[in-house]
Amino acid sequence: MSEKVPELEPEVRKKLESVGAELKPEERSGTFLQVDQDVKFSLKWLEGVELMGIKQAMEKHDWLEDYLWRAVKPEDEYTRDVEEEFNGYFIRALPNVRVEVPVEACLYMREVKKQKVHNIIIAEEGSEINILSGCTSHPGVHSGMHIGVSEFYVKKNAKLTFTMIHSWDTGIDVRPRSAAIVEEGGVFISNYILHSPVKVVQMYPAAYLKKDATAIFSSIVVATENSIVDLGSRAVLEGENSTADILSRTISRGGGVIARGHIVGNASDVRGHLECRGLMLSEEGYIHAIPELEARYPNVDLSHEAAIGKIAEDEIFYLMSRGLSRDEATSAIIRGFMEIEIKGLPEFLKKEIDKAIGMVEKGLSV
Amino acid sequence: MDALRVVNLGVKVGGRKILQNINLYIQQGQTYVLFGPNGSGKSSLLSALIGHPSYNIYDGRIMFKGMDITTLPTDERVRMGMGIAFQNPPKVSGVKLIDILRHCARISGQSEEKIQEYAEMMKMADMLNRNVNSGFSGGEVKRSELLQLLLLNPDFIMLDEPDSGVDLDNISIVGDAIRKLLERDRSAEERQKSGLLITHTGHILKYVDADYGVILYKGRIACIGNPYDILEHIEEYGYEGCVEKCLRRFPNSNQK
Ligand SMILES: Nc1ncnc2c1ncn2[C@@H]1O[C@H](COP(=O)(O)OP(=O)(O)O)[C@@H](O)[C@H]1O
Ligand SMILES: [Mg+2]
């Protein structure tokens with residue numbers, strides 16, 4: 001309990017804070033930091049949770065071998081690259097342990113050209129865990145690549161909430177590769193927020209859902225000038241009565257966004273809904289929404305809605321008629337646009353997500 | 001003291017003249033009622049007064065508290081003390097009523113408790129976390145507009161048909177709010193607030209008293225007088241007949 005977080009250089013600390021890192025032990029149940037390929041620290045303040053570097057975890061648990069490359073397959077150049085050499089974190093909630101206070105795991109790029117990460121996250125039967133993962137780069141690192149493989153295993157009746165906040169730089173190429181296997185009655189909630197310029201973020205995380213399982217994917221991204229964000233979420237409803245919601249809010253401020261989504265109904269009585277909303281804030285840039293629904297069973301309920309627009313002038317005027325300046329009115333509308341109602345999101349995380357949305361706003365007002 | 005002085009105002013929308021030669025002088029403490037058939041330009045006049053960018057002022061000027069505000073942006077007019085309740089306000093997706101109320105209270109320096117107090121008075125306490133105007137009934141829209149004004153507490157208040165679509169149960173709430181906003185329960189000497197109130201039906205005059213009535217007809221001011229006399233004339237002769245009588249009495253009031 002007394003283990004303290006080592007002192008960090010102020011600029012590192014500031015960058016980490018911008019992706020949600022909170023270094024006070026009372027606000028987190030554990031914290032992990034990997035800089036380039038090395039684990040800087042891994043501290044945990046609660047029983048019932050395991051948190052350590054993936055290398056150390058593989059030494060400790062023989063069985064971990066079975067989890068590596070089960071949800072994600074090393075099928076493309078990025079995953080194969082990670083297969084050769086990696087570091088990363090291992091987080092596990094033991095059976096029936098419920099931890100409301102989030103575990104934090106940060107990945108920081110400082111000197112390497114390529115950061116290669118493989119994470120394994122397991123919520124054992126009946127457990128509940130919240131993870132905050134901030135990924136960012138050192139100020140002045142203008143180019144490089146981050147490849148992050150994350151495999152999530154949500155066991156029977158467990159609940160795992162994973163919130164990833166990204167802040168990069170104009171020349172960084174980001175390729176997360178992640179997938180979740182959600183067992184019977186399990187709940188997987190994945191939230192993603194990107195609030196900085198980037199060269200490319202390209203990812204298509206998937207969740208495979210067994211009987212009565214639930215997945216919610218939410219994402220809030222901004223593509224600034226010269227950034228390309230190609231982002232999707234996929235839910236494969238394999239077990240009867242499983243459900244998925246994919247919600248995205250994308251903003252182009254001169255950059256390109258491809259907002260994908262794919263729900264596959266593969267069993268009876270499954271329900272899936274996809275909601276993509278886009279906001280164009282600039283004459284440049286684009287948003288391309290590609291929602292896909294696929295039914296492979298007769299008794300499914302799949303739907304989607306997609307809408308892209310700009311801020312309506314009459315809405316700005318209305319708020320100005322209450323004394324808000326044009327800028328205040330604009331940011332109130334953008335803020336409203338980004339607000340997503342996520343069912344089952346713990347209070348604690350709402351606060352963190354609000355903070356991250358605040359960062360998006362800040363990024364937009366420069 | 002002057003609250004509002006409108007001089008020879010001409011307004012175009014999309015290149016079309018919709019208001020011409022409007023003159024209006026409202027002193028502090030006075031409330032004017034604006035009558036007129038549908039499409040005569042009543043809402044457009046309020047839009048021009050508050051500074052809606054689509055309403056292009058091609059002639060004349062608007063003075064508020066002795067200052068020329070003809071080209072001032074809307075938010076600055078509001079910060080000077082103008083306020084408006086719209087006839088058909090837009091939905092603002094994602095922006096909750098409470099968010100707007102907080103802004104209003106901040107501008108007028110009123111406390112958070114006042115938000116609750118007025119929300120209860122307007123029977124809107126359950127609506128605070130709803131996105132503003134989205135899925136609101138006609139009456140809820142009117143009460144929400146007035147609630148926002150109560151928290152903004154402006155000195156010059158424009159109300160566009162606050163009585164339309166409000167059912168009998170709620171009309172007295174609306175009337176009470178307007179009387180409070182315009183300080184109609186104070187004596188004329190003590191009263192600081194002024195207003196310009198549009199009513200199509202005149203219904204609201206049973207709940208709120210006013211000092212002057214004006215008829216706007218085909219984009220021009222056709223009549224000024226006692227609001228109750230005007231209302232009676234309209235009811236008796238219709239707008240057309242009423243305007244005709246007025247023009248005979250004041251041949252210059254609608255001069256080219
Ligand atoms: N934003 C607008 N765009 C186009 N025409 C408008 C607009 N606002 C008002 N008008 C036109 O101006 C005239 C006056 O309308 P309005 O001011 O709404 O009348 P009232 O409120 O008296 O019913 C109408 O012919 C209407 O169609
Ligand atoms: Mg009107």
Side-chain angles (χ1 to χ4, degrees), chain A residues 193 218-222 247-251 275-281 287 289 305-343 345 347 350 353-354 356-358 360-361 364, chain B residues 46-55 72-110 129-134 141 144-154 157-158 160:
Chain A
I193 296 165
S218 83
S219 47
I220 301 169
V221 305
V222 179
L247 311 150
S248 75
R249 299 288 183 271
T250 63
I251 298 175
E275 182 190 283
C276 315
R277 294 206 190 132
L279 186 62
M280 292 289 293
L281 289 185
I287 298 175
E305 51 185 301
I308 302 172
K310 65 176 173 93
I311 296 183
E313 210 38 58
D314 64 336
E315 296 182 10
I316 292 180
F317 167 73
Y318 184 63
L319 296 181
M320 286 176 77
S321 79
R322 304 304 182 227
L324 280 77
S325 68
R326 175 165 283 275
D327 286 348
E328 286 172 331
T330 308
S331 61
I333 292 167
I334 294 173
R335 176 145 206 133
F337 171 81
M338 290 189 286
E339 228 147 77
I340 304 185
E341 197 83 35
I342 303 165
K343 270 181 250 125
L345 193 70
E347 253 335 291
K350 273 190 196 134
I353 288 177
D354 272 354
I357 287 177
V360 180
E361 264 189 285
L364 282 171
Chain B
L46 297 203
S47 292
L49 294 179
I50 198 75
H52 192 299
S54 307
Y55 294 77
L72 214 60
T74 298
D75 57 320
E76 288 178 38
R77 297 182 198 207
V78 171
R79 281 166 196 265
M80 278 181 71
M82 283 189 150
I84 184 166
F86 293 100
Q87 184 179 5
N88 297 308
K91 288 183 251 189
V92 188
S93 37
V95 177
K96 299 188 179 91
L97 177 57
I98 185 74
D99 301 333
I100 299 184
L101 297 179
R102 290 211 174 101
H103 274 286
C104 292
R106 183 174 53 100
I107 285 164
S108 65
Q110 299 199 78
N129 282 309
R130 293 265 298 270
N131 286 349
V132 71
N133 301 327
S134 96
V141 166
S144 149
E145 291 292 291
L146 289 169
L147 173 56
Q148 294 175 51
L149 285 185
L150 283 164
L151 286 154
L152 199 55
N153 193 26
I157 296 140
M158 294 180 271
D160 197 346

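In the text below, chain A, chain B and the rest are named by the order of the sequence lines, each starting its count at 1.
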Full working for side chain to side chain contact (heavy atoms under 4.5 Å, CB included) between F86(B) and S321(A): CA-CA 10 Å; F86(B) 293 100; S321(A) 79; 3.3 Å; yes
For [X], is it the side chain, the backbone, both or neither that has a heavy atom under 4.5 Å from a heavy atom of chain A?
X: I84(B); value: both
X: R106(B); value: side chain
X: K96(B); value: side chain

Over 12 non-hydrogen atoms of neighbours within 6.0 angstrom of NZ in K350(A): yes
Closest non-hydrogen atom pair between L324(A) and I107(B), with its separation: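 Between these two residues, the closest heavy atoms are N-CD1, 4.4 Å.
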Quick check on the interface: out of [options], who has the most heavy-atom pairs with chain B under 4.5 Å?
options: E315(A), M320(A), R322(A); value: R322(A)
options: E328(A), E339(A), R335(A); value: E328(A)
options: D314(A), I334(A), I316(A), I311(A); value: D314(A)

Between OH on residue Y318(A) and NZ on residue K91(B), distance to nearest 0.5 Å: 13.0 Å
